[in-house]
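Encoded as structure tokens, the structure appears first; notes follow it.
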Amino acid sequence: PSNHFKDMNIGSPLYMAPEAYIFNLYGPKTDVWAFGVILFELTHGRTPSSHCTSELDLRRSLERGVGESELRRDLSPQLRELILRCLVVDEAKRISVDQI
């Protein structure tokens with residue numbers, strides 16, 4: 001059974017998980033993505049997709065995800081790993097709330 005809720009227009013696009021923005025699907029791991037974006041923003045002063053100037057740019061950014069090279073090198077290895085695991089594009093492979 002799916003934990004997704006369709007047709008819920010909630011959230012700010014820059015904090016939305018790929019499955020939420022592209023397919024309008026929401027579940028527990030959607031919030032994990034948003035948590036990862038917040039961690040990224042707290043450590044970098046911007047969201048991972050803050051460079052996007054159009055909906056197409058944002059969609060492409062979400063489909064690509066965040067790579068290790070986009071993270072500051074001075075972050076602890078544990079924090080880097082947590083951010084990356086929260087921002088895994090494939091929801092099935094993304095870290096869960098319990099794992100956090």
Side-chain angles (χ1 to χ4, degrees):
S2 175
N3 288 327
H4 291 114
F5 305 97
K6 278 193 89 126
D7 299 321
M8 294 178 63
N9 294 319
I10 58 175
S12 171
L14 292 178
Y15 296 86
M16 292 176 82
E19 66 273 9
Y21 187 78
I22 297 167
F23 301 111
N24 204 28
L25 298 172
Y26 295 85
K29 289 189 177 181
T30 305
D31 291 333
V32 170
W33 177 279
F35 177 67
V37 172
I38 290 168
L39 288 175
F40 187 100
E41 184 175 24
L42 287 170
T43 56
H44 293 76
R46 61 178 180 80
T47 63
S49 299
S50 63
H51 63 281
C52 297
T53 58
S54 70
E55 288 186 36
L56 181 59
D57 285 345
L58 180 56
R59 183 182 178 116
R60 287 179 178 157
S61 177
L62 291 173
E63 289 172 340
R64 184 179 57 253
V66 175
E68 193 167 345
S69 65
E70 296 175 66
L71 297 178
R72 290 179 29 189
R73 300 207 186 281
D74 63 336
L75 299 179
S76 72
Q78 296 86 355
L79 183 54
R80 290 172 63 87
E81 179 184 359
L82 178 59
I83 293 170
L84 289 173
R85 291 185 68 195
C86 287
L87 298 178
V88 170
V89 174
D90 183 347
E91 178 189 11
K93 296 178 183 176
R94 192 177 307 146
I95 193 172
S96 70
V97 172
D98 291 339
Q99 291 170 313
I100 293 172

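- With sequence neighbours excluded, the residues that form a salt bridge (Lys or Arg N to Asp or Glu O under 4.0 Å) with Arg80 are Glu68.
- By the 4.5 Å heavy-atom criterion applied to side chains, Glu91 and Trp33 are not counted as neighbours.
- Partners of Arg72 by side chain to side chain donor-acceptor pair (under 3.5 Å), not counting sequence neighbours, listed by chain and number: Asp74.
- Residues passing the side chain to side chain contact (heavy atoms under 4.5 Å, CB included) test with Glu55, sequence neighbours excluded: Tyr21.
- By the criterion of side-chain heavy atoms lying less than 4.5 angstrom apart, applied directly or through intervening Ile, Leu, Val, Met, Phe, Trp or Tyr residues, Leu79 is not grouped with Val88; the two fall into different hydrophobic clusters.
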Walk me through it: do Glu41 and Ser50 pass the test side chain to side chain contact (heavy atoms under 4.5 Å, CB included)? CA-CA 10 Å; Glu41 184 175 24; Ser50 63; over 6 Å; no

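- Contact annotation: the side chain of Leu71 approaches that of His44 to within less than 4.5 Å [non-hydrogen atoms, C-beta and beyond].
- Heavy atoms only, all atoms of each residue included: Val97 and Pro28 are closest at CG2-O, 4.4 Å.
- Formation of a donor-acceptor pair under 3.5 Å by the Lys29 side chain with backbone atoms of Arg94 is found in this model.
- Judged as a salt bridge (Lys or Arg N to Asp or Glu O under 4.0 Å), and not counting sequence neighbours, Arg46 has no contacts.
- Hydrophobic clustering (side-chain heavy atoms under 4.5 Å, transitive across Ile, Leu, Val, Met, Phe, Trp, Tyr) groups Val66 together with Leu42.
- The two residues Ser49 and Leu62 come nearest to each other via the heavy atoms OG-CD2, 4.5 Å.
- Under 4.0 Å is where a charged nitrogen must lie from a carboxylate oxygen, and between Arg64 and Glu70 no such pair does.
- Within the 4.5 Å cutoff, side-chain heavy atoms of Val37 are placed close to those of Pro48.
- In this structure, the side chain to side chain contact (heavy atoms under 4.5 Å, CB included) partners of Asp57, at least two apart in sequence or on a different chain, are Cys52, Thr53, Ser54.
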After noting the C-alpha distance and the side-chain angles of Ile100 and Ile95, does the key distance pass the side chain to side chain contact (heavy atoms under 4.5 Å, CB included) rule? CA-CA 7 Å; Ile100 293 172; Ile95 193 172; 3.9 Å; yes

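- Between Leu14 and Leu58, some side-chain heavy-atom pair lies under the 4.5 Å cut-off.
- Leu39 meets the side chain to side chain contact (heavy atoms under 4.5 Å, CB included) test with Phe35, Leu82, Ile83; sequence neighbours excluded.
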For Val89 and Glu63: C-alpha separation, side-chain torsions, deciding distance, then whether side chain to side chain contact (heavy atoms under 4.5 Å, CB included) applies. CA-CA 7 Å; Val89 174; Glu63 289 172 340; 5.8 Å; no

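- Between Cys86 and Phe40 there is no side-chain heavy-atom pair separated by less than 4.5 Å.
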